[in-house]
Amino acid sequence: MMISKDLVIKTARKIIELFPRRHSDTDPFKVLISTVLSQRTRDENTEVSTKELFSKFKSPWELSKADPHDIYHLIRAAGMYRQKAQRIIKISKILVKEYDGRVPSNLSDLLKLPGVGRKTANIVLFVGFGIPALAVDTHVHRISNRLGWIKTTTPEATEKELTKILPKDLWGPINGSMVEFGRKICKPINPFCQKCPVSEFCEYFKEKR
DNA sequence: AAAACGGGGGC
DNA sequence: GCCCCAGTTTT
């Protein structure tokens, strides 16, 4: 028995309202690079890294000419720093060469960039360009199923289902809010259901009782 | 489908 | 010490 679409939307809006995610910088280039650095990494770990990185390399032109060894120490805290260094330099080179130094604002061009997959591309589209885009990560996938919005086994299926259920104006905000909600309350293991503001609308909570 | 990439924080 | 993190690429 699936939860009604209206209730899903209502709950989604509540999560977005209670767990907002602020974006300090919405410059597409910075969003792109910092999101690549944030992959499989808590964003606290990359905040300092990106700040120092952008103070030294302010544009794709500058970053494209960087030596990987010169940025290892700047982004080390992000983890996978050798791979990520190589990727952001390569990305910068492509931006300079193919896109006149600008970040493309469409999905297919973004996906051509090394280290940019569906999730990263959609984050860039929404945060950098304000375009409605649903980036399904582990939080969105886990929480949507836990709440009983959908029954899916893969993030791809989750993305497909959620685009059908959620109105476009929620596609962008839901991602960041799910991350905050997932970290503070709806954790992968031992979620704080007793503190959860939407537990009354949650299948997982209902079944637990 | 599974492995590899990786340091940092929470418990 | 073990698990997880605004995943993607390679095998």
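All values derive from a computational prediction rather than experimental measurement. Proteins come first, then strands; the chains are lettered A, B, ... in the order of their sequence lines, and each starts at number 1.
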Visitor: Starting at atom CD of A:Q86, determine the distance to atom C1' of B:dG6, rounded to an integer number of angstrom.
Guide: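 Checked: the CD to C1' distance equals 15 Å.
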Visitor: Looking at every strand, decide which applies to A:S34 at a 4.0 Å heavy-atom threshold: base, sugar-phosphate, or nothing.
Guide: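 No contact.
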Visitor: To the nearest Å, how far apart are A:I189 CD1 and B:dC11 P?
Guide: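 After rounding, the gap between these two atoms is 12 Å.
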Visitor: What is the distance, to the nearest angstrom, from the CD atom on A:E159 to the P atom on C:dA6?
Guide: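 A:E159 atom CD is separated from C:dA6 atom P by 18 Å.
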Visitor: Would you say the side-chain atoms of A:N106 and A:S108 include a donor-acceptor pair closer than 3.5 Å?
Guide: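 A:N106 vs A:S108: donor-acceptor pair found between side chains.
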Visitor: Could you state the atom-to-atom distance from CZ of A:R183 to C1' of B:dG8 in whole Å?
Guide: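 It works out to 13 Å between those atoms.
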Visitor: Looking only at the side chains, is there a donor atom on one of A:T41 and A:K84 sitting less than 3.5 Å from an acceptor on the other?
Guide: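 Side chains of A:T41 and A:K84: pair found under 3.5 Å.
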Visitor: Have a look at A:V116 and say if it touches a base, only the backbone sugar-phosphate, or nothing, with a 4.0 Å heavy-atom cut-off.
Guide: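 If one applies the 4.0 Å heavy-atom cut-off, A:V116 turns out to touch the sugar-phosphate alone, with no base involved.
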Visitor: Report yes if at least one side-chain N or O of A:R142 is closer than 4.0 Å to OP1 or OP2 of C:dC5; otherwise report no.
Guide: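 Yes, within the criterion.
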Visitor: Quick one: which of B:dC11, B:dC5, C:dT8 gets closest to the side chain of A:M80?
Guide: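 Of the candidates, B:dC5 comes closest.
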Visitor: Relative to the 5' end of DNA chain B, which residue comes earlier, A:E44 or A:R87, by the nucleotide with the nearest heavy atom?
Guide: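 Its nearest nucleotide being more 5', the pick is A:R87.
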Visitor: Return whichever of A:Q39 or A:P188 has its heavy-atom-nearest nucleotide of DNA chain C closer to the 5' end.
Guide: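 Upstream on the strand: A:P188.
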Visitor: Should A:T120 be listed as having a side-chain N or O under 4.0 Å from OP1 or OP2 of C:dT8?
Guide: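 Answer yes for this pair, as a side-chain N or O of A:T120 is under 4.0 Å from OP1 or OP2.
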Visitor: Taking atom types as modelled, is there a side-chain donor on A:T35 or A:T120 under 3.5 Å from an acceptor on the other?
Guide: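 On atom types as modelled, these side chains do not qualify, holding no pair under 3.5 Å.
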Visitor: Is the closest basic N to carboxylate O distance between A:K151 and A:E203 below 4.0 Å?
Guide: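 Answer for the salt bridge query: no.
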Visitor: Quick one: is C:dA6 close enough that its OP1 or OP2 comes under 4.0 Å of any side-chain N or O from A:R21?
Guide: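 The answer is no; no side-chain N or O of A:R21 sits under 4.0 Å from OP1 or OP2.
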Visitor: Between atom NZ in A:K119 and atom C1' in C:dC5, what is the gap in whole Å?
Guide: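 Nearest whole value for this atom pair: 12 Å.
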Visitor: In sequence, state the C-alpha distance, the side-chain angles, and the governing distance for A:D70 and A:K65, and then conclude on salt bridge (charged side-chain N to carboxylate O under 4.0 Å, His left out).
Guide: CA-CA 11 Å; A:D70 292 336; A:K65 286 181 276 189; over 6 Å; no
Visitor: Identify which nucleotide among C:dT8, B:dG7, C:dA6 has an atom closest to any side-chain atom of A:Y81, counting heavy atoms from C-beta outward.
Guide: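 Between C:dT8, B:dG7, C:dA6, the one nearest the side chain of A:Y81 would be B:dG7.
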Visitor: Do any side-chain nitrogens or oxygens of A:T41 fall under 4.0 Å of OP1 or OP2 in C:dA6?
Guide: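 No, no such contact exists.
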Visitor: Starting at the 5' end of DNA chain C and moving along, which residue's nearest nucleotide shows up first, A:G115 or A:N45?
Guide: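 With A:G115 and A:N45 compared, the 5'-side residue is A:N45.
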Visitor: May I ask you to verify if any side-chain N or O of A:R76 is less than 4.0 angstrom from the OP1 or OP2 atom of B:dG8?
Guide: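 It does, given that an N or O in the side chain of A:R76 lies less than 4.0 Å from OP1 or OP2 of B:dG8.
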Visitor: Please report, rounded to the nearest Å, how far the P atom of C:dA6 is from the CZ atom of A:R40.
Guide: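 It is 9 Å, rounded to the nearest whole Å.
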Visitor: From CZ of A:R82 over to C1' of B:dA4, roughly how many Å is that when rounded to an integer?
Guide: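 Those two atoms, CZ and C1', are 12 Å apart.
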Visitor: Separation of A:I88 atom CD1 from C:dT9 atom P, in whole Å?
Guide: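 Atom-to-atom, A:I88 to C:dT9, this comes out as 15 Å.
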Visitor: The side chain of A:D137 is closest to which nucleotide in this list: C:dA6, C:dC5, C:dC3?
Guide: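 The listed nucleotide nearest to A:D137's side chain is C:dA6.
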Visitor: Give one of base, sugar-phosphate or nothing for A:I75, where a contact means two heavy atoms less than 4.0 Å apart.
Guide: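 Nothing, no heavy atom under 4.0 Å.
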Visitor: May I ask you to establish whether A:K184 and A:F19 are in a cation-pi arrangement, using a distance under 6.0 Å from NZ or CZ to the six-membered ring centre and at most 45° from the ring axis?
Guide: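 Pair A:K184/A:F19 does not count as cation-pi.
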Visitor: Please tell me which of the listed nucleotides, B:dG8, C:dC5, C:dG7, lies nearest to the side chain of A:A77?
Guide: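 Nearest to the side-chain atoms of A:A77, counting from C-beta on, is B:dG8.
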Visitor: Taking C:dT11 as the reference, what is the distance to B:dG6 when you measure between their P atoms (whole Å, please)?
Guide: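 Going atom to atom, P in each nucleotide, I get 15 Å.
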Visitor: Work out how far the C1' atom of C:dA6 is from that of B:dA3, and round it to whole angstrom.
Guide: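 Rounded to whole Å, the distance is 22 Å.
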Visitor: Heavy atoms from C-beta onward define the side chain here; which of C:dT8, C:dA6, B:dG6 lies closest to that of A:R42?
Guide: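 Closest nucleotide to the A:R42 side chain: C:dA6.
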